[in-house]
Amino acid sequence: MDINLYTPAYHINRKHIIKLTDYSTEEIFELLFATKSLKSKFVAHESTNDVLKDTTIALIFGDTSIRTRSAIEIGIHQLGGFSIYLPYSQGDMEAGENIKDIADALSRYGVGALITRGIPEKELMSYCSISKIPIINSSNADEIPLQTLCDLFTIWEKVGHLEDVKLAYVGKGENNAASLISGAIKCGMQVSVATPAKYPIKQEKIRQAMQYGPIHITTDPHEAVENADIVYTDCYSYHTPLTDEDKKYLLPYQINDDLMKEAAHGAFFMHALPANRGIEVTADVIDGPHSIVLDQAFNKLHVVKAVLVMLVK
């Protein structure tokens, strides 16, 4: 389905967003068009501070974040709402806390939505069916739906379309990769993945994504990147330091100038950040003219606002 031939209704019948695999192509397009509209208003200095006027959004984060938390809190403010940050630790869980009791209490306080980070998918899913307020998973060990929406919007914005754009993901097959391939294949993109044997994308995630189209899977980054329009990698050591052995093992998957030469002419480089220059990507690539990582970071602000606008009624 060509996103440029789609007519948005600016409405979806969804209450939560835990994983993008739950969303149809049309629903993803609705969120991307909402992102486009809100970004246009931001660039034109048009106020949107009446959208969530006097609405409080709660953030419960089980791990740290700088860009994501900033995008969420600033986005809420730009929509006229308020945010409250509530750290959620393993100690809290062991003491008897759970997402159901927390969300139930927050809904009685008049909170309009709960945005989580680092909360297990199983725990979130078990409560979504009865939650009185929207639950939005910004990131956990399984998927990062907001980042994928941000990436898809950035590709659409830079390339001009999504259908038949070739995306090559190279590196460790963790949560970002799992979300990305699912969203990309649903939007009609060609997807190629090169992950080392030690760090593959979970087979369950591959099977779910391949219901919507073929995915080329290899352990050879050169094979994956050939003629790619987008080359994407992710941080290898976020919250988990790499050993010298790991660095040596992952070195063939580093995105460098030689590997980028095998992509299509003018191919863009993408990275969700934070990035380790000299590890998963070289400085000349991530800081070079074809890098659009800062566009991704900027667009996260507008994706957050789009999700809130569409889900918080």
Side-chain angles (χ1 to χ4, degrees), residues 61-69 90 117-118 138-144 147-148 150-151 154 166-182 184 191-206 215-264 267-297 300:
F61 279 25
D63 61 29
T64 58
S65 169
I66 297 176
R67 277 162 299 278
T68 298
R69 180 178 170 184
Q90 185 64 34
R117 180 180 173 92
S138 71
S139 172
N140 62 17
D142 295 288
E143 293 200 28
I144 312 182
Q147 181 63 50
T148 296
C150 166
D151 297 335
T154 304
K166 182 177 178 182
L167 167 71
Y169 179 88
V170 177
K172 294 173 73 174
E174 298 181 334
N175 53 359
N176 196 16
S179 281
L180 184 65
I181 63 168
S182 176
V191 178
S192 184
V193 173
T195 54
K198 188 177 175 182
Y199 300 107
I201 299 174
K202 292 179 181 178
Q203 280 300 308
E204 175 191 0
K205 300 296 183 182
I206 294 287
I215 298 174
H216 180 68
I217 300 173
T218 179
T219 56
D220 183 352
H222 299 274
E223 182 182 334
V225 167
E226 185 178 5
N227 294 322
D229 302 296
I230 305 291
V231 179
Y232 196 122
T233 194
D234 200 10
C235 183
Y236 288 171
S237 58
Y238 195 47
H239 297 311
T240 308
L242 289 178
T243 65
D244 289 340
E245 183 181 352
D246 286 332
K247 291 177 183 178
K248 184 177 180 181
Y249 178 72
L250 291 165
L251 185 60
Y253 295 85
Q254 181 188 79
I255 309 299
N256 52 41
D257 188 55
D258 287 339
L259 189 60
M260 287 296 294
K261 286 177 182 176
E262 299 192 29
F268 292 112
F269 171 74
M270 299 181 74
H271 192 303
L273 299 179
N276 292 305
R277 288 161 176 79
I279 304 295
E280 72 268 12
V281 61
T282 56
D284 59 334
V285 171
I286 193 170
D287 299 320
H290 297 291
S291 173
I292 54 175
V293 299
L294 293 181
D295 296 284
Q296 291 173 263
K300 185 174 287 188

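These numbers come from the heavy atoms of this one structure, side chains and all, not from hydrogens, waters or symmetry mates.
Under the 4.5 Å side-chain criterion, counting only non-hydrogen atoms from C-beta, Asn140 is not in contact with Asn175. For the pair Leu167 and Leu180, the minimum side-chain heavy-atom distance is below 4.5 Å. In this structure, Thr154 and Phe268 have side chains that are not in contact, with every pair of non-hydrogen atoms separated by 4.5 Å or more. In this structure the side chain of Tyr199 never reaches within 4.5 angstrom of the side chain of Tyr236, judged on heavy atoms. Put simply, the side chain of Arg69 does not reach to within 4.5 Å of the side chain of Ser138, judged on heavy atoms. Using a 4.5 Å heavy-atom threshold, the side chains of Thr282 and Leu259 count as separate.
Electrostatic pairing of Asp244 and Lys248 does not count as a salt bridge here, judged by no charged N lying under 4.0 Å from a carboxylate O. In summary, Asp63 and Arg117 engage in a salt bridge, as defined by a charged side-chain N under 4.0 Å from a carboxylate O.
With hydrogens and angles disregarded, no donor-acceptor distance shorter than 3.5 Å links the side chain of Thr195 to the backbone of Pro200. Listed for the Asp151 side chain is no donor-acceptor partner under 3.5 Å among the backbone atoms of Gln296. At least one donor-acceptor pair closer than 3.5 Å links the side chain of Tyr249 to the backbone N or O of Lys198. Of the possible donor and acceptor atoms, none in the side chain of Ser192 sits under 3.5 Å from a partner among the backbone N and O of Ala168.
Pairing each heavy atom of Ile286 with each of Ala275, the nearest pair is CD1-CB, 3.4 Å. Minimum heavy-atom separation, Ile144 to Ser179: N-OG, 2.7 Å. Scanning all heavy atoms of the two residues, the minimum distance from Glu223 to Thr218 falls at OE1-OG1, 3.2 Å. Minimum heavy-atom separation, Ala224 to Ala194: CB-CB, 3.6 Å. In plain terms, the two heavy atoms of Pro221 and Val170 that are nearest each other are CB-CG1, 3.8 Å. Shown here for Gly173 and Ala177, the closest heavy-atom pair between the two residues is CA-CB, 4.1 Å.
The CD1 atom of Ile292 sits 4.5 Å away from the CE atom of Met270 when rounded to the nearest 0.5 Å. In this structure, Ser237 OG and Ile279 CD1 are separated by 7.0 Å, a value rounded to the nearest 0.5 Å. To the nearest 0.5 Å, atom CG of residue Leu250 and atom CD of residue Glu245 are 10.5 Å apart.
Annotation: Asp258, atom CG; neighbour count of heavy atoms from other residues, nucleotides and ligands within 6.0 Å is above 12.
Checking Lys205 against Ser182 by side-chain atom types alone, no donor-acceptor pair falls below 3.5 Å. Using modelled atom types and a 3.5 Å distance limit, the side chains of Asn176 and Tyr232 yield a donor-acceptor pair.
Applying the salt bridge (charged side-chain N to carboxylate O under 4.0 Å, His left out) test to pairs two or more places apart or on separate chains, those with a residue in residues 273-286 are Arg277-Asp287.
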Between Val193 and His216, is a side-chain contact (heavy atoms from CB on, under 4.5 Å) present by the stated rule, with each step listed? CA-CA 6 Å; Val193 173; His216 180 68; over 6 Å; no
Determine whether Phe269 and His290 satisfy the following criterion, side-chain contact (heavy atoms from CB on, under 4.5 Å), listing intermediate values before the conclusion. CA-CA 6 Å; Phe269 171 74; His290 297 291; 5.5 Å; no
Trace of the side-chain contact (heavy atoms from CB on, under 4.5 Å) decision for Asp234 with Lys172: CA-CA 7 Å; Asp234 200 10; Lys172 294 173 73 174; over 6 Å; no
Where do Lys202 and Asp142 land on the side-chain contact (heavy atoms from CB on, under 4.5 Å) test, with the steps shown first? CA-CA 9 Å; Lys202 292 179 181 178; Asp142 295 288; 3.5 Å; yes
